[in-house]
Amino acid sequence: MPLRDFEVASPSRCDHPVGLSPATPGQPPAFALPRTHWHPSWQAAALHQRQPLQALAFWLQLEGSLTRALTLRCRQRFDVDVVREAFTRPSLEESRRLGLPERQLAWIREVRLCGDGQPWVLARTVMPAATLRGSGRRLRHLGRRPLGSYLFATRQWQRSGFETGLCHASGQHQPRVARRSCFHGPQGAILVSEYFLPGLTRSAE
Ligand SMILES: C=C(O[C@@H]1C=C(C(=O)O)C=C[C@H]1O)C(=O)O
């Protein structure tokens, strides 16, 4: 099912931004999440496409904080590049996944996770308004602080099983594989999708 596209809305701190050619010279390039078909498990996805999953098996199954694991992979620095944070409409498929009414807006956060200046992961998090009540209010004010540092700081958030996404990538810099899961907290759930970029597998070479 297609996910909503997202465009770079702020200057990138990544040295080599992902995506299509710049629409305007001097502006950061626009980019879009590819259409993604979600499978209920890593094994189910592997039946459809074995090759790229082998290189990413570690990341697709990693249970703890992804940002923490990426930080450990960096030689120098790890950055969260905030692309967009706004109340906007999730895709129909995302609304269904979260059990939201079709047209209900949610707080959507889109970021690039960059290691040593290279974009490694694109992440999109859908947070229903109900989840943002009480202590969940802090989710709207993360800024460049990784979401994982909030979710894994307490035992209040429980993650559901991972789905594995196979992406219809149209360019060599686009993600081919993704994963997503719901985190269930005191006020409700959020849906976290993480798209792995080719730069991440290259970083291990
Ligand atoms: C859920 C985590 O948070 C990461 C950080 C994100 C952010 O800052 O928006 C989004 C998705 C995750 O990859 C994690 O570290 O596991």
Side-chain angles (χ1 to χ4, degrees), residues 3-10 12-14 17-18 31 33-34 36 38 42 56-74 77-88 90-91 94 97-98 106-128 131-132 135-165 167 175-201 203:
L3 288 179
R4 292 170 69 84
D5 293 348
F6 70 85
E7 292 201 338
V8 174
S10 60
S12 165
R13 287 205 42 201
C14 293
V18 195
F31 67 88
L33 289 176
T36 302
W38 294 102
W42 181 75
L56 286 164
F58 170 77
W59 298 105
L60 287 169
Q61 298 173 93
L62 183 85
E63 285 289 342
S65 167
L66 179 63
T67 35
R68 186 174 146 67
L70 293 173
T71 304
L72 293 173
R73 171 64 64 92
C74 291
R77 67 167 212 266
F78 174 80
D79 293 307
V80 176
D81 223 7
V82 180
V83 177
R84 186 171 72 151
E85 284 183 297
F87 271 112
T88 180
S91 72
E94 288 169 329
R97 185 73 182 70
L98 281 162
W107 184 253
I108 298 188
R109 170 176 163 94
E110 294 163 336
V111 303
R112 281 184 288 210
L113 306 178
C114 300
D116 299 325
Q118 303 293 322
W120 282 352
V121 174
L122 306 178
R124 171 175 164 98
T125 305
V126 181
M127 313 184 203
T131 310
L132 302 170
S135 58
R137 220 178 314 128
R138 289 167 58 196
L139 287 166
R140 274 189 61 190
H141 305 285
L142 291 168
R144 301 179 68 89
R145 204 158 71 89
L147 172 65
S149 69
Y150 173 77
L151 296 177
F152 290 95
T154 68
R155 290 174 188 269
Q156 288 191 320
W157 292 87
Q158 302 296 323
R159 178 153 59 190
S160 65
F162 288 117
E163 290 172 88
T164 298
C167 307
R176 296 184 186 277
V177 179
R179 69 179 202 173
R180 76 176 178 183
S181 57
C182 281
F183 282 85
H184 298 268
Q187 313 294 335
I190 63 174
L191 179 62
V192 181
S193 306
E194 297 154 331
Y195 293 77
F196 298 96
L197 294 167
L200 177 60
T201 32
S203 74

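In each ligand, atom 1 is the first atom listed, and ligand 1 is the first ligand listed. Basis for what follows: all heavy atoms, side chains included, without hydrogens, waters or symmetry-related copies.
Of all atoms in ligand 1, numbered sequentially from 1 with element shown, those under 4.0 Å from a heavy atom of F152 are 14 (C), 16 (O). Taking every heavy atom of P146 and a limit of under 4.0 angstrom, the matching atoms of ligand 1 come to 8 (O).
More than 12 non-hydrogen atoms from other residues, nucleotides or ligands lie less than 6.0 angstrom from CZ of R159. Sparse packing is recorded around CZ of R68, with 12 or fewer heavy atoms of other residues, nucleotides or ligands lying under 6.0 Å away.
Of the possible polar contacts, one joining the T36 side chain to the P34 backbone as a donor-acceptor pair under 3.5 Å is found.
Classified by interplanar angle (parallel below 30°, tilted 30° to 60°, perpendicular above 60°), the ring pair W59/F196 is tilted.
Considering every non-hydrogen atom in both R109 and P146, the closest pair reads NH2-CA, 4.5 Å. Considering every non-hydrogen atom in both C182 and L191, the closest pair reads SG-CD1, 3.8 Å. Contact between L70 and L113 at its shortest, heavy atoms only, is CD1-CD1, 3.8 Å. When all heavy atoms are compared, the tightest approach of W157 to G188 is CZ3-O, 3.8 Å. The minimum heavy-atom distance linking S160 with R97 is given by the pair OG-NH2, 4.2 Å. Considering all non-hydrogen atoms of both residues, P119 and C114 come closest at CA-SG, 3.8 Å.
Residue-to-ligand polar distances keep R68 apart from ligand 1: every N/O pair is separated by 3.5 Å or more. Taking distance alone, with nitrogen or oxygen atoms compared against 3.5 Å, T125 stays at or beyond that limit from ligand 1. Taking any N or O of G148, backbone or side chain, at least one lies under 3.5 Å from an N or O belonging to ligand 1. In terms of N/O distances under 3.5 Å, ligand 1 is approached by R109. An N or O contact shorter than 3.5 Å links L66 to ligand 1 by distance. At a 3.5 angstrom cut-off on N or O pairs, R179 does not count as close to ligand 1. Between A123 and ligand 1, no pair of N/O atoms sits closer than 3.5 Å.
Of the heavy atoms in V192, only side-chain atoms (C-beta onward) come closer than 4.0 Å to ligand 1. The proximity of L113 to ligand 1, defined as any non-hydrogen pair under 4.0 Å, is limited to the side chain. For V111, every heavy-atom contact with ligand 1 shorter than 4.0 Å involves the side chain, none the backbone.
Looking only at heavy atoms of the protein, atom 13 (O) of ligand 1 is closest to E194 OE2, 2.6 Å. At the top of the distance list for atom 6 (C) of ligand 1, counting protein heavy atoms only, stands L147 CB, 3.5 Å. Regarding atom 15 (O) of ligand 1, its nearest protein heavy-atom neighbour is T67 OG1, 2.6 Å.
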